[in-house]
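Keep in mind that the numbers below use all heavy atoms, side chains included, and drop hydrogens, waters and symmetry copies. Proteins get letters first, then strands, A, B, ... in listed order; numbering begins at 1 in each.
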Amino acid sequence: MDLRDSAEEAAFRAGLRDWLARSVPVTTGTAGAPARGRWDDVDAVRSFSAALHEAGYAGLTWPVEYGGRGLSPVHQAIYLEESARAEAGEHIGVIGLGMVGPTVIACGSPAQRAWYLPRILTGEIIFCQGFSEPEAGSDLSAVRTLARRDGDELVVTGRKVWSSYAHLADHCLLLARTDPDATRHRGLSCLLVDLRTPGVTVRPIRQMTGEAEFAEIEFDEVRVPLDAVVGEIGDGWRVAMTTLAHERGTFGFTLTARLEVAFRRLVATARARGRDTDPLVRDQIAARYVELEGLRWTNRRALAELRRTGTPGPETSVVKLRWSQAHQRLTALAVLLTADGRPDGWDRYWRREMLRSRANTIEGGTSQVLRNVIAERVLGLPRSY
Amino acid sequence: MDLRDSAEEAAFRAGLRDWLARSVPVTTGTAGAPARGRWDDVDAVRSFSAALHEAGYAGLTWPVEYGGRGLSPVHQAIYLEESARAEAGEHIGVIGLGMVGPTVIACGSPAQRAWYLPRILTGEIIFCQGFSEPEAGSDLSAVRTLARRDGDELVVTGRKVWSSYAHLADHCLLLARTDPDATRHRGLSCLLVDLRTPGVTVRPIRQMTGEAEFAEIEFDEVRVPLDAVVGEIGDGWRVAMTTLAHERGTFGFTLTARLEVAFRRLVATARARGRDTDPLVRDQIAARYVELEGLRWTNRRALAELRRTGTPGPETSVVKLRWSQAHQRLTALAVLLTADGRPDGWDRYWRREMLRSRANTIEGGTSQVLRNVIAERVLGLPRSY
Amino acid sequence: MDFALTGEQETWRDTAAKYLADERAAGDSDRTWADVTGLGWLDSELGTVELALLAEQLGHARSPLPWWSTIGLAGPALRAAGREPRRPATLAWAEEAGPGTLAALLAPHRPGGGMSCTVAADGTVRGRKVAVPHAAEAVDLVVAVAGPDGVELRLVDASALRPAPTDAGPAGLDPTRPAGTVELSGVASTPLVAADASGDVLAAIRRRTLALLAAEAVGVATRALAWAVGYATTRTQFGRPIGANQAVAHPLADLYGQVETARSLAYRAAWSVDAEPGPVADRAVAAAAVAGREAATAACETAIQTYGGSGFTWEQPLHHWYRRAWWLATFDGTVADLRAELAASLLDGASGQDAPGR
Amino acid sequence: MDFALTGEQETWRDTAAKYLADERAAGDSDRTWADVTGLGWLDSELGTVELALLAEQLGHARSPLPWWSTIGLAGPALRAAGREPRRPATLAWAEEAGPGTLAALLAPHRPGGGMSCTVAADGTVRGRKVAVPHAAEAVDLVVAVAGPDGVELRLVDASALRPAPTDAGPAGLDPTRPAGTVELSGVASTPLVAADASGDVLAAIRRRTLALLAAEAVGVATRALAWAVGYATTRTQFGRPIGANQAVAHPLADLYGQVETARSLAYRAAWSVDAEPGPVADRAVAAAAVAGREAATAACETAIQTYGGSGFTWEQPLHHWYRRAWWLATFDGTVADLRAELAASLLDGASGQDAPGR
């Protein structure tokens, strides 16, 4: 056990930190408060993504043969920590890089690898994920979107919701039912679909913050070639689980690094408002710090397990659950600190962050479902649902 | 809506308060801390019970024809409030007065009424309740204690647990299965059993505080005359529900009045320890006060409903649930206030109260079961268990 | 001792609920104002319990009307001068460098809280007020100003102001609870409450306003809980209603308990404002405000979680109530401030010892 | 960056667990002490991570041994003087009118905290120490006394004391964590740490002790969680295991998350004590102590609730662990005190700005 960076890791971190300091565009909102919305300026995100790729920071953990750097998850974790601390934006292909690409590497055909992977790395192709449906909710095996075989094509009809940034994306990894007679998680297939195909309609979903980070995608008799299927027909459940496993991998680092940025802003807000001497506020800030630190070191513990065994430790399952609560508590505290009616930019910033945080316990697995999973799969309790 | 006592209620309260001031024996523990254990000195409880009866404060709501005062539940509530504020003990027949007596009045035979009721009022007979069983837990309809018919007698064999003060009692209201072939809540009967009958063994259950307020009762071929059955044979579920309904009636007032005593002691402790100027402690004390007040006025709202409609309002169902949490939080706070290693009697007092309070969310209906009941019966949600 | 609403009170509440459920109430605000005036919601004989029952229904409907500011913030000052609040009205007290909250204005160690708005001998008032609720809508403007003998309350006709009061946007998350700035550039004013009585009237204003908003918060919480229960009963997942999961049902059961205790405290506080004004009512109001505000926020958050994905969409109306809940949670201070006030009442000074008794 | 325990560390932990699970470990304390000495638990080459792994297992077993006071409270002072802790030892610092906690003794604004125990020129010490952990069991007694140049740490042989140190009963709820009074009536002492170094050594003592107790708390929590999971899996009610109820299962899932994050922080703090002593380790230790203490109490409370009626009987062993959890929750201050310390480190002074970075 040694929690210091190795010499090689330290060098990677130093180089990255240096690059970030030079390359992250400075954006500031009113009165020193952060500019709103990570994705408000899509052109800026695109050009930063290109810079990331050029500097070799896209696809860190992808195998070298597919254009990646072949580095360990620890490097990926360092990348996520440092880019969050530098308040750097994410690569525009965050879903392609983190989920779809690894899925194509693991389950895709040589032709799929050759065509999609380089384009994901450069940001030329932007993927979204089409798993959730209005009626299915947390129950992916209840997917109803139909992909009917018609000669060399599949004809897709159905509706997907909660697809992150689908309105920015041009491709979608779609989970659809290819065998309408098979129930539950049998008879599903995963397809790589170009969203510019006729019959696709993408409608942004406006969140309660007033912004749209998600979209619904409607497929109306959309014709997709058979070679768009990832793996075999009927293999969709396994492929989708591969995708979700990659989502869980080092995603905890992304979340925790975002929380650290939020914590730093909380401290700055408390100072700016002169509330950092209030004992109740100090107690709360310390409590939020303990939560942040707990997540940070649990991530690292899970990473050590991932490196040793190839699968993340069971601790991983708690990170999203606890992160979402910690983030909600932090933003609510910040709103209270800025609720004295004196507008200075921070008040609007925190209100928006607080509203947005209410989705944290729902998106990417509701807290209720996560507790079911922990109870059943980690603790071995009897199935309760 | 008028929250003041009526003239008649005010007179009753004043008389009671005056009587309590004269009659409650003063008991004080180390360094001003309260003496431990409400029932430590059984002789004192007996003589106070006799005094209560003599002064007309036993059986306030019982009909006059059965030796009661025929007063409204409001008077009972006033009695409970005032006696708790005076830190008066309870009548030794608290279960007989509050639950068994009313059950005998509602469901018993004339002979049972004539024999039991006056003796409950004077404290000559002390009742306990024999409902819970080791295997049945929260599920009363799973009762296994058997009462086999043998001529003019029933022969009882089985084991009851969590019977409050059964080691002080000489009689028991027992729920037993008279028809072993009927399942669930059919085939049950309620019996009035003299615990001095051969074959009965009472063993106190030591709680984690080190004290014993509960006992288990073993029945080994105990012969009970047929006329000990309350209501009809096979009618036990209805009779038991009558008993439990009486438990719920004004029990919230007892609980809340006890919480008020605890709150006063909390404030006294904070002052004695010089912690009443600590902003975090002040915030906590205020939060506990809001909880106490919420219970107090919810009780009164429910009582108004009881008086108007004869059944307590649905708010009643939340009182025990929220009271138990409020009491646990209060005692935990008090332990922290006295945890500085300076023993003064209060530290031991609060530690014992805190340990005891852990049972609050279990005894008399676990919080989990109470939430089921509220969800299903009050909110109309689908059955979840 | 009778905590039951009278039949008249129940009818009063139900009539209000019925009107607010009608789409007419959601229409043009001038017409709605005329309606509620006609319904008697501004009548002087209403007790605080009746007003609280209205406030509860207005919270349930998340009405945008400036009724609460007219009745709660301006009403007591107007009535103290023998006037009836009939037109949309509000109170202007906060200043940039002066008192931010009513509590600060009333704090015994800083009477007036360093107020810089003043009144001249000819009755003209001068200065700037900020964070004035419904500043742009109010017709009658009660302003707190520093006179020669202390804080006075005076009436200004908003239509006479140049520049007109501005709507600086929502005072928090709820766009239907805007606040604005009022420039008093030597404008004429009418005396309402002199310096010797203003402390009592301002205390009464705060007490009444917090009591009404506590009831409003209970209305918000009730509506959110009802939505959540409805959704949990009808929405199916994994082949059964989601409310059949204890993970969904038990938080709603807890919430029911939280809302009902908050309701008990809100009604009791409203009664107390009329029946026992002074420290007892102040404690009752603070306790009700803490419980009501916490219930409203918790109810909306639990409802959003119960709805899952759709809970945080713009189209789902829940967030409008959540925004109101947050506005309520921070009006004139936070629940932490209210608890600090309660602690002072319970722990400091001579009255502390007896406080828990009531 | 590698957070994994080494194979040696895992073996070390498992050997300790195996020994503590044996009934021999629950027997005569002298024999157990000889055993653990033989097992190397007092060896000087052990790092704080290895010690924390032991402390975790001792918490899991709720061992009554004064190992933690020997290694944590006395060890650093003995080692600073080139001595090895082999016999049961402790530290005496608290005084009736002087410092109550180590934190108070170390507080920069009151060095020594008004200590009245003194050392004479001939090395004899005089005064009274209170709340001394394991006072009656310890053979080696490290005492903090006021010398001419400041606080000194000196060694007293407990067997030389007249009267002998008393066991004043449990310092809290756990009878296996007693504390007592030590009368120093001019008894001979040996110098361990001079005034110029005592501040650093006392800080190291506190850091190490809090880190070990954080790990012990994680052990307590782990045991309680395991019991609760076992009971929820086997106990049936209404015809199925109670763990099939989300009302039972979900609190255990939450608890698992709480315990695992506390474990991460405890290991990290232990590592930090050796690798980065100073403010970074102090923050790491305080965070671990907060999380560990809260996890231990929560785990025992959830376990008691899971067990239902039997959970609060004396016969059910859970309450012994709950008592230990409460002792841990209040040792040398509460979690609120620890959070105040964290807040000072994060918010005050120059280092605050960078603090969140580590």
Rounded to the nearest 0.5 Å, what separation is found between the CG atom of D:L173 and the OG1 atom of B:T209? 11.0 Å

May I ask you to decide if B:T361's main-chain N or O and D:Q305's side chain share a donor-acceptor pair within less than 3.5 Å? yes

For chain D, which candidate among B:D347, B:D340, B:V335 shows the most heavy-atom pairs at distances under 4.5 Å? B:V335

Would a 4.5 Å heavy-atom cut-off, applied to side chains only, mark B:M354 and D:W326 as touching? yes

Between B:Q328 and D:E301: side-chain donor-acceptor atoms closer than 3.5 Å: no

Within a reach of under 6.0 Å around CZ of B:R144, are more than 12 heavy atoms found that belong to other residues, nucleotides or ligands? no

Give, as side chain, backbone, both or neither, the part of D:Y322 having an atom under 4.5 angstrom from any heavy atom of chain B. side chain

Proximal component of B:A332, with respect to chain D [non-hydrogen, under 4.5 Å]: both

For B:L280 and D:A336 the tightest heavy-atom approach is CD1-CB, 4.5 Å

When rounded to the nearest 0.5 angstrom, what is the spacing between CE in B:M208 and NE2 in D:H320? 11.0 Å

Portion of B:A359 that has a non-hydrogen atom of chain D nearer than 4.5 angstrom: both

Kindly determine whether B:Q368 and D:I242 satisfy side chain to side chain contact (heavy atoms under 4.5 Å, CB included), including the steps that lead there. CA-CA 11 Å; B:Q368 295 98 322; D:I242 59 171; over 6 Å; no

D:T334, part contacting chain B, at a heavy-atom distance under 4.5 Å: side chain

Say you draw a straight line from CD1 of D:I304 to CD1 of B:I362; how long is it, rounded to the nearest 0.5 Å? 7.0 Å

Any idea which of D:G172, D:A247, D:A171 has the most non-hydrogen atom pairs under 4.5 angstrom with chain B? D:G172

B:A339 and D:T330 have their tightest heavy-atom pair at CB-CG2, 3.4 Å

Looking at B:I205 and D:T313, what are the two nearest heavy atoms and their distance? CG2-CG2, 3.7 Å

List in chain and number order the residues that pass ring pair (Phe, Tyr, Trp, His ring centres under 6.0 Å) with D:W327, two or more places apart in sequence or in another chain; answer none if no residue qualifies. D:W68, D:F331

So what's closer than 4.5 Å to chain D heavy atoms on B:T338: side chain, backbone, both or neither? neither

Flag the pair B:R206 and D:E315 as a salt bridge only when some basic side-chain nitrogen lies within less than 4.0 angstrom of an acidic carboxylate oxygen. no

